[in-house]
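Each remark here refers to the structure printed beneath this line.
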Amino acid sequence: MTSGYPDQTDDKRIFQQLAAYNRWANARLYAAALDLSDQAYRLHIGVFFSSVHGTLNHLLLTDRIWLKRLTGEGDHPSRLNAILFEDRAELVRARIVEDERLIRTVDSYDDAALASIHSYRTTSGMPHSQAVEDILLHLFNHQTHHRGQAHACLSILTGGEPPALDLLAFQRGATAPDLTKLIQP
């Protein structure tokens with residue numbers, strides 16, 4: 001392991017950890033978003049997708065796009081700024097399902113599948129091919145990038161410190177809320 005990259009046999013374990021971390025971080029972020037008033041949740045703050053609501057919708061729809069490309073199943077929204085769910089509880093339910101789907105997808109890969117080249121079309125219709133592991137790295141990095149934007153929005157909106165989303169906090173056993181219980185009537 002002189003290159004600084006993990007051995008090929010560690011790839012699946014690393015992607016499984018990233019998928020579990022993704023679910024954990026989303027749960028912490030969504031729980032904080034559920035605590036906001038509807039006005040604050042939808043307030044245009046100046047981030048790329050306007051608000052916490054717009055950013056969380058974007059994260060869900062890009063996961064759907066990538067999982068449709070990888071598995072051939074599920075929805076494939078056509079616009080990156082589409083609002084898939086106006087209702088927060090429905091958005092949470094969809095996020096829970098998509099996080100579980102992502103975990104199952106990662107679990108289904110072996111090292112050969114992770115290294116295999118996958119062909120797909122971009123949202124503009126351009127053909128492209130790359131290794132599945134590179135697609136997954138992008139997907140998880142993209143999630144982190146936009147969760148960071150939503151996290152900053154929470155800081156601005158509340159004047160307080162949002163929940164930690166650091167990978168180290170996950171690795172050290174910090175808990176995540178059960179989103180299903182938080183959206184019960």
Side-chain angles (χ1 to χ4, degrees), residues 1 3-30 33 47-88 90-153 165 167 170 179:
M1 205 157 79
S3 66
Y5 293 101
D7 293 333
Q8 178 70 13
T9 56
D10 290 335
D11 283 358
K12 182 170 180 170
R13 183 188 59 78
I14 289 168
F15 286 114
Q16 287 173 317
Q17 181 181 53
L18 288 172
Y21 162 73
N22 189 66
R23 177 181 53 195
W24 173 89
N26 284 335
R28 292 172 68 92
L29 182 65
Y30 271 70
V47 292
F48 194 78
F49 293 99
S50 179
S51 62
V52 173
H53 179 66
T55 303
L56 295 181
N57 267 278
H58 173 72
L59 284 169
L60 177 65
L61 79 86
T62 54
D63 279 3
R64 285 182 169 184
I65 287 170
W66 281 110
L67 285 170
K68 173 73 173 186
R69 288 173 182 165
L70 288 168
T71 68
E73 298 173 357
D75 296 331
H76 190 293
S78 60
R79 292 184 359 257
L80 294 178
N81 63 346
I83 299 298
L84 302 176
F85 297 95
E86 285 293 342
D87 180 73
R88 272 192 270 189
E90 290 301 315
L91 181 60
V92 169
R93 284 183 194 93
R95 176 77 267 166
I96 292 167
V97 168
E98 213 62 28
D99 284 342
E100 293 305 318
R101 185 171 167 233
L102 181 55
I103 287 169
R104 284 191 312 275
T105 299
V106 168
D107 284 346
S108 74
Y109 292 127
D110 59 17
D111 287 342
L114 287 168
S116 69
I117 301 300
H118 186 78
S119 296
Y120 60 92
R121 292 196 175 273
T122 66
T123 53
S124 64
M126 298 298 295
H128 197 71
S129 297
Q130 67 189 107
V132 169
E133 60 195 351
D134 290 340
I135 291 170
L136 290 173
L137 283 173
H138 166 73
L139 187 151
F140 292 123
N141 186 62
H142 181 264
Q143 278 277 347
T144 299
H145 167 71
H146 286 296
R147 269 196 305 264
Q149 289 178 334
H151 196 263
C153 291
L165 302 180
L167 179 61
F170 167 75
L179 289 178

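Numbers for residues simply follow the sequence, beginning at 1. As the structure is a computational prediction, the values presented were derived from the model and not from experiment.
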Requested in this report: Kindly indicate whether the side chain of F15, heavy atoms from C-beta on, has any atom under 4.5 Å from the side chain of L139.
Outcome: no

Requested in this report: Check for a donor-acceptor pair, side chain of R88 on one end and backbone N or O of A33 on the other, with a separation under 3.5 Å.
Outcome: yes

Requested in this report: To the nearest 0.5 angstrom, please state how far the CD1 atom of I135 sits from the CD atom of Q130.
Outcome: 4.5 Å

Query raised in the report: Do any N or O atoms from the side chain of N26 and from the backbone of N22 form a donor-acceptor pair under 3.5 angstrom?
Result: yes

Report task. Flag the pair K68 and E73 as a salt bridge only when some basic side-chain nitrogen lies within less than 4.0 angstrom of an acidic carboxylate oxygen. Result -> no

Report summary line: Taken to the nearest 0.5 Å, the spacing of L67 CG from R104 CZ works out to 9.5 Å

**Report entry** Derivation of the salt bridge (charged side-chain N to carboxylate O under 4.0 Å, His left out) call for R93 and E90
**Finding:** CA-CA 5 Å; R93 284 183 194 93; E90 290 301 315; 2.8 Å; yes

Query raised in the report: Between the side chain of T122 and the main-chain N/O of M126, is any donor-acceptor distance below 3.5 Å?
Result: yes

**Report entry** Any side-chain heavy-atom pair of L60 and R64 under 4.5 Å
**Finding:** yes

**Report entry** Shortest non-hydrogen contact between L136 and L70, atoms and distance
**Finding:** CD2-CD1, 4.1 Å

Report summary line: Closest non-hydrogen atoms of F170 and W24, given as atom of the first, atom of the second and distance, are CD1-CG, 3.4 Å

Requested in this report: Any chance you could lay out the side chain to side chain donor-acceptor pair (under 3.5 Å) test for H58 and H142, step after step, and finish with the verdict?
Outcome: CA-CA 10 Å; H58 173 72; H142 181 264; 3.1 Å; yes

Report task. Calculate, to the nearest 0.5 Å, the distance between atoms CG and OG belonging to L114 and S116 respectively. Result -> 7.5 Å

Report task. Taking the side chain as every heavy atom from C-beta outward, state whether I103 and R23 have any atom pair closer than 4.5 Å. Result -> yes

Query - E98 side, atom CD; E100 side, atom CD - distance, nearest 0.5 Å - result: 10.5 Å

Query raised in the report: Would the H138 and W66 ring centres measure less than 6.0 Å apart?
Result: yes

Query raised in the report: Hey, are the side chains of R95 and L56 touching, using non-hydrogen atoms and a 4.5 Å cut-off?
Result: no

Query raised in the report: Taking all non-hydrogen atoms of both residues, which atom of L179 and which atom of I96 are closest, and how far apart?
Result: CB-CD1, 3.7 Å

Query raised in the report: If every non-hydrogen atom of N57 is compared with every non-hydrogen atom of F85, which pair is closest and at what distance?
Result: OD1-N, 3.0 Å

Query raised in the report: Is the side chain of R69 donor-acceptor paired with the backbone N or O of R121 at a distance under 3.5 Å, no angle test?
Result: yes

Query raised in the report: Heavy-atom distance under 4.5 Å between the side chains of D110 and K12, does that happen here?
Result: no

**Report entry** R13 side, atom CZ; D111 side, atom CG - distance, nearest 0.5 Å
**Finding:** 11.0 Å

**Report entry** Aromatic plane relationship, H146 with F49 - under 30° parallel, 30 to 60° tilted, over 60° perpendicular
**Finding:** perpendicular

Report task. Just do the salt bridge (charged side-chain N to carboxylate O under 4.0 Å, His left out) check on R101 and D63 with the steps written out, would you? Result -> CA-CA 10 Å; R101 185 171 167 233; D63 279 3; over 6 Å; no

Query raised in the report: Should F48 and T55 count as side-chain neighbours, where that means a heavy-atom distance under 4.5 Å?
Result: no

Query raised in the report: Of the non-hydrogen atoms in C153 and V52, which two are nearest, and what is the gap between them?
Result: CB-CG2, 3.5 Å

Query - For the student: nearest non-hydrogen atoms of A150 and L29, plus distance - result: CB-CD2, 3.8 Å

Report task. Compare all side-chain heavy atoms of L91 with those of L84 and state whether any distance is below 4.5 angstrom. Result -> no

Query raised in the report: Any chance the side chains of E133 and Y109 put a donor and an acceptor closer than 3.5 Å?
Result: no

